[in-house]
Amino acid sequence: VQLQASGGGMVQAGGSLRLSCAVSGNTFSINFMAWYRQAPGKERELIADITRRGIDTYEDSVKGRFTISRDNAKKTMALQMNSLKPEDTAVYYCKADIWVDLADTASRIFWGQGTLVTVSS
């Protein structure tokens, strides 16, 4: 099982980007999914997550600007980022809690490789 994040890039303040995260490999069930980010010199932080049923939560600094979504059939997740600010500059990571096989005794956490978002002022 692998997670592949994509969609990062450079954008001016006020602009928009859409990140995607695709899960590859055989999976039994994908539970919660989430986006994290890590700015230079800072710790990785959770910014948005979404349950399998689509219940989403957001960190205060992105609330109202970012929207997380997922497509269970396609095993993908997205993060629509609007009204971007220079302080949103970071490497963005996707994370998923996945039950890989029905025979497993527990689900496991998987991380994507990260995609860089740079917002210029």
Side-chain angles (χ1 to χ4, degrees):
V1 175
Q2 290 186 330
L3 272 61
Q4 180 71 42
S6 62
M10 184 176 293
V11 65
Q12 289 189 331
S16 298
L17 280 175
R18 184 177 178 85
L19 305 184
S20 297
C21 178
V23 178
S24 62
N26 293 323
T27 60
F28 175 69
S29 176
I30 301 173
N31 304 323
F32 78 83
M33 301 182 79
W35 287 98
Y36 283 69
R37 68 185 179 188
Q38 186 167 18
K42 295 188 177 181
E43 294 187 353
R44 192 174 298 188
E45 63 172 347
L46 171 66
I47 57 170
D49 59 24
I50 186 167
T51 68
R52 181 173 177 78
R53 295 188 177 185
I55 299 172
D56 54 2
T57 58
Y58 300 90
E59 193 269 331
D60 285 346
S61 69
V62 307
K63 202 173 293 184
R65 301 188 297 122
F66 292 8
T67 303
I68 190 172
S69 61
R70 63 186 285 174
D71 184 324
N72 291 332
K74 295 182 179 179
K75 299 197 295 185
T76 59
M77 174 178 63
L79 185 69
Q80 178 65 42
M81 305 186 296
N82 299 328
S83 302
L84 283 161
K85 305 175 180 179
E87 52 263 43
D88 294 319
T89 295
V91 177
Y92 285 70
Y93 298 89
C94 56
K95 172 184 172 181
D97 178 57
I98 300 174
W99 203 285
V100 177
D101 189 274
L102 184 59
D104 290 346
T105 57
S107 59
R108 283 181 276 170
I109 297 295
F110 294 85
W111 288 90
Q113 84 287 6
T115 185
L116 177 63
V117 172
T118 303
V119 184
S120 60
S121 57

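Atom CD1 in Ile47 sits 8.0 Å away from atom CD1 in Ile68 (nearest 0.5 Å). Rounded to the nearest 0.5 Å, atoms CD (Glu87) and NZ (Lys42) are 8.5 Å apart. Put simply, CG on Leu17 and CG on Leu79 are 9.5 Å apart, with the number rounded to the nearest 0.5 Å. The CZ atom of Phe110 sits 5.5 Å away from the CD1 atom of Ile98 when rounded to the nearest 0.5 Å. Rounded to the nearest 0.5 angstrom, Ser107 OG and Asp101 CG are separated by 13.0 Å. Met33 CE to Arg70 CZ: the interatomic distance, rounded to the nearest 0.5 Å, is 5.5 Å.
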Could you please spell out the steps behind the side chain to side chain contact (heavy atoms under 4.5 Å, CB included) verdict for Ile30 and Val23? CA-CA 9 Å; Ile30 301 173; Val23 178; 4.0 Å; yes
Take Val119 and Gln12 through the test side chain to side chain contact (heavy atoms under 4.5 Å, CB included) and record every step on the way to the result. CA-CA 5 Å; Val119 184; Gln12 289 189 331; over 6 Å; no
Assess whether side chain to side chain contact (heavy atoms under 4.5 Å, CB included) is satisfied between Asp88 and Arg65, documenting all intermediate values. CA-CA 11 Å; Asp88 294 319; Arg65 301 188 297 122; 2.7 Å; yes
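Residues forming a side-chain hydrogen bond (donor to acceptor under 3.5 Å, both in side chains) with Asp49 (at least two apart in sequence, or on another chain): Thr57.
Applying the disulfide bond (SG atoms under 2.5 Å apart) test to every pair with at least one member in residues 18-121, sequence neighbours left out, gives these pairs: Cys21-Cys94. Legend: ring-ring contact (aromatic ring centres under 6.0 Å, His included) pairs involving residues 37-84, not counting sequence neighbours: none detected. For residues 23-36, every residue pair satisfying the side-chain hydrogen bond (donor to acceptor under 3.5 Å, both in side chains) rule, not counting sequence neighbours, is listed here: Thr27-Lys75, Ser29-Asn31, Asn31-Asp97, Tyr36-Lys95. Evaluation of the side-chain hydrogen bond (donor to acceptor under 3.5 Å, both in side chains) test over residues 108-119, restricted to residues two or more places apart or in two chains, returns none.
For the pair Arg44 and Tyr93, the distance from NZ or CZ to the six-membered ring centre is under 6.0 Å and the angle to the ring normal is within 45 degrees.
Ser69 is listed as a side-chain neighbour of Arg18, based on a closest heavy-atom distance under 4.5 Å. Within the 4.5 Å cutoff, no side-chain heavy atoms of Leu46 are placed close to those of Glu59. Side-chain contact between Val117 and Met81: present, with at least one pair of heavy atoms (C-beta onward) separated by less than 4.5 Å.
For Pro86 against Ala13, the heavy-atom pair with the smallest separation is CD-CB, 4.1 Å.
Think of Met10 as one node in a network of Ile, Leu, Val, Met, Phe, Trp and Tyr side chains linked at under 4.5 Å; it has no links at all.
In the displayed structure, Glu45 atom CD is contacted under 6.0 Å by more than 12 heavy atoms of other residues, nucleotides or ligands.
Hydrophobic clustering of Ile, Leu, Val, Met, Phe, Trp and Tyr side chains at less than 4.5 Å, counting indirect connections, keeps Leu3 apart from Val91. Note on Phe32: it does not cluster hydrophobically with Val62, by side-chain heavy-atom contacts below 4.5 Å among ILVMFWY residues.
Side-chain contact, Ser16 with Asn82: a donor N or O sits under 3.5 Å from an acceptor N or O.
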